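Residues: numbered from 1 along the sequence shown. Just so it is clear, the values below take in all heavy atoms, side chains as well, and ignore hydrogens, waters and symmetry mates. Please read all numbers here as calculations on a predicted model, not as lab measurements. In listed order, ligands and their atoms are each counted from 1.
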Amino acid sequence: MRLSKNFTKTSKTAPADEVAKNAQLLIRAGFVYKVMAGVYAYTPLGLRVLENIKQIVREEMNLVGGQELIMTNLQAPGPWQQTTRWSSDVVDVWFKTKLQDDTELGLAWSHEEAIMDMMRQYVKSYKDLPVMVYQFQTKLRNELRAKSGIMRGREFVMKDMYSLHATAEDLDAFYNQTIDAYKKVYERLGIGSDTYVTFASGGAFTKFSHEFQTICDAGEDIIYLHRGKNIAVNEEVLDDAVKELGVEKSELEAVKSAEVGNIFNFGTEKSEQMGIHYTDASGVQQPIYLGSYGIGITRVMGVIVEKFADDKGIIWPEAIAPAKVYLVRIGSDAAVSDADSLYKAFLDYGIEVIYDDRDERPGTKFADSELMGIPYRVTVSDRLIETGTYEMTSRATGETVLLTRDELLARLGRL
Ligand code: ATP
Ligand code: MG
């Protein structure tokens, strides 16, 4: 991408009403555009990051057998009425709307009921189970507060997977497999070592659900941690969980955290409430077991900004950065042709690059490369051309090396 063609501009300031560091930096760097509180658009740069996060999640969901689909944002009330979750006393984040003939509709905040209602048509026999489906979708929630930037949106992207099973054992096995898949996801996103499988409040069928909580000062949750035993408990279930886990409250350390995922075992609750059954091998009608597995895609992006940023700006982990290289061009004729040809070489090597081909001062270009958080900055300048080298600087460590073109391409191609 040539920066001269990019329509977003970096800025030294964020909107005055934006209090969250993640949104301030993402807006200033041109990754996100704020429409109103809790509602953000993703620009081409921001979208690249989102797509990289989604791709990691997609690969891991596919590996456990998930099949990708996409459900609808407009939802019929019927299925939700069958489980009581249409009521705003039960679910306080509904956005609801009406057709011109006054028929009520819901705007999707989640999809358990919608998925079950669809599967009513497809799952008839034990031979049709298990089924695992997932989607990336924009969820709409009428959140009371939206002061955490993209970490709490009224419109946000979630990955939600749903699994339907014939037996409790089959659901349990898949549930545990998904815990492992989630661990891999957070590992690949660069936050694995600070993300804990956390006991949280459950539903009608299980005492606990499992949250994935990442240690983060900007998070809205408090978890109680035992780092040695790798135990984490959400404060909402602290008393119950310590009893169950055989630890003392005094051994646990309270830390601020952000919920980046949540998985739920619904047992046969939805199936029974909605009257959806399958026929077992002996011809008897049986209820269906349901598991539900969410990851906050946009929230994760915000958490990563919060955790890794420094006083100069964002620092993206390589796995999700919008480009691997930020190419800075300093100087005129010779520098232009050398930088143009290096840019082409990067593209030929499949190395994603943002080329700062603008007529800006070097200081501005360096500052923007830092604000945008691109992992490697490569500088082409008249002075360097004389020595036959390029300067490569790591955004995360600040380490700078001088390399020939062959060395540079070899290093970045492999990294
Ligand atoms: P929270 O307790 O933070 O309100 P939740 O428990 O209501 O979240 P879930 O229904 O479990 O959220 O949704 C699955 C995941 O989606 C969450 O673990 C979180 O990462 C993400 N998420 C939930 N609400 C939001 C939001 N308003 N903005 C961004 N991400 C969200
Ligand atoms: Mg949750």
Side-chain angles (χ1 to χ4, degrees), residues 20 22-23 26 32 34-42 46 50 53-54 57 61 71 80 83 85 90-95 106-115 134-162 175 178-179 182-183 185-186 189 191 194-203 206 208-216 218-223 232-237 256-266 270 290-307:
N22 66 83
L26 288 164
V32 152
K34 183 173 191 173
V35 177
M36 61 183 120
V39 181
Y40 300 89
Y42 291 79
L50 266 193
I53 296 172
K54 282 165 62 179
V57 174
M61 296 306 102
M71 301 298 286
W80 297 92
T83 66
R85 292 213 289 183
V90 181
V91 172
D92 62 4
V93 293
W94 270 117
F95 281 112
L107 303 183
W109 66 278
S110 191
H111 279 83
E112 284 84 5
E113 279 75 348
I115 290 276
Y134 72 94
Q135 62 178 343
F136 295 96
Q137 217 207 20
T138 299
K139 300 286 190 261
L140 299 158
R141 292 189 183 181
N142 200 349
E143 301 277 1
L144 189 59
R145 273 177 289 277
K147 294 209 174 298
S148 297
I150 66 165
M151 291 171 63
R152 181 172 298 283
R154 297 200 166 97
E155 180 172 331
F156 61 97
V157 180
M158 193 200 287
K159 183 284 302 179
D160 40 331
M161 179 164 71
Y162 304 90
Y175 189 93
T178 304
I179 290 183
Y182 271 40
K183 287 182 187 163
V185 164
Y186 299 116
L189 292 173
I191 53 174
D194 274 348
T195 301
Y196 287 83
V197 182
T198 304
F199 288 82
S201 54
T206 54
F208 302 111
S209 74
H210 292 94
E211 291 174 344
F212 290 76
Q213 293 274 0
T214 307
I215 298 175
C216 179
E220 295 179 11
D221 291 356
I222 304 273
I223 57 167
V233 177
N234 191 309
E235 68 177 341
E236 67 191 12
V237 295
K256 289 185 81 177
S257 65
E259 182 194 319
V260 291
N262 195 182
I263 66 174
F264 245 92
N265 178 336
F266 279 98
K270 300 284 172 212
L290 174 70
S292 166
Y293 317 83
I295 290 183
I297 300 291
T298 41
R299 180 177 291 179
V300 158
M301 180 168 164
V303 167
I304 289 170
V305 172
E306 293 277 346
K307 285 185 74 70

Which of the numbered atoms in ligand 1 are below 4.0 angstrom from a heavy atom of V260?
-> 18 (O), 20 (O)
At under 4.0 Å between heavy atoms, what of E259 touches ligand 1? The answer is both
Can you list the atoms of ligand 1 that are under 4.0 Å from a heavy atom of R141?
-> 5 (P), 7 (O), 9 (P), 10 (O), 12 (O), 13 (O), 23 (C), 24 (N)
Among W109, F156, F264, closest by heavy atom to atom 31 (C) of ligand 1 is F156
Taking only heavy atoms of G153 into account, list the atoms of ligand 1 that are under 4.0 Å away from them.
-> 26 (C), 27 (N), 28 (N), 29 (C)
Just wondering, do F156 and K139 contact through their side chains at under 4.5 Å, heavy atoms?
-> yes
Considering just N/O/S atoms, say which atom of E259 is closest to the Mg ion (ligand 2).
-> OE2
Hey, what do you get for NZ (K256) to CD1 (I223), rounding to the nearest 0.5 Å?
-> 12.5 Å
Do R152 and E143 meet the salt-bridge criterion of a basic N to acidic O distance under 4.0 Å?
-> yes
Is it true that a side-chain atom of Y134 and a backbone atom of Y293 form a donor plus acceptor pair closer than 3.5 Å?
-> no
Please determine if the Mg ion (ligand 2) has an N/O/S atom from S209 lying under 2.8 Å away.
-> no
Nearest-neighbour protein heavy atom for atom 4 (O) of ligand 1, which is reported as residue plus atom name and distance | R152 NH1, 2.9 Å
N262 contact mode with ligand 1 (heavy-atom cut-off under 4.0 Å) | both
Per atom 15 (C) of ligand 1, closest listed option by heavy atom (G149, S201, A258, G296) = G296
Does the N or O separation between I150 and ligand 1 drop below 3.5 Å for any pair?
-> no
Donor-acceptor contact below 3.5 Å, side chain Q213 vs main chain T198 | no
Going by an N to O cut-off under 4.0 Å, is there a salt bridge joining E220 and R145?
-> no
G261 touching ligand 1 at heavy-atom level, < 4.0 angstrom | yes
Separation between NZ of K159 and OH of Y182, rounded to the nearest 0.5 Å = 2.5 Å
For F264 and S201 the tightest heavy-atom approach is CZ-O, 4.0 Å
Please examine the side chains of M36 and R154, heavy atoms only from C-beta on, and report whether any two atoms are closer than 4.5 Å.
-> no
for atom 14 (C) of ligand 1, nearest protein heavy atom and its distance come out as M158 CE, 3.7 Å
Name the orientation class of the two ring planes belonging to W109 and W94 (parallel below 30°, tilted from 30 to 60°, perpendicular beyond 60°).
-> perpendicular
Ligand-residue contact atoms, ligand 1 with E143, heavy atoms, under 4.0 Å | 24 (N), 26 (C), 27 (N)
Report yes or no: does a heavy atom of M151 sit under 4.0 Å from some atom of ligand 1?
-> yes
Ligand 1 and T298, any nitrogen or oxygen pair closer than 3.5 angstrom?
-> no
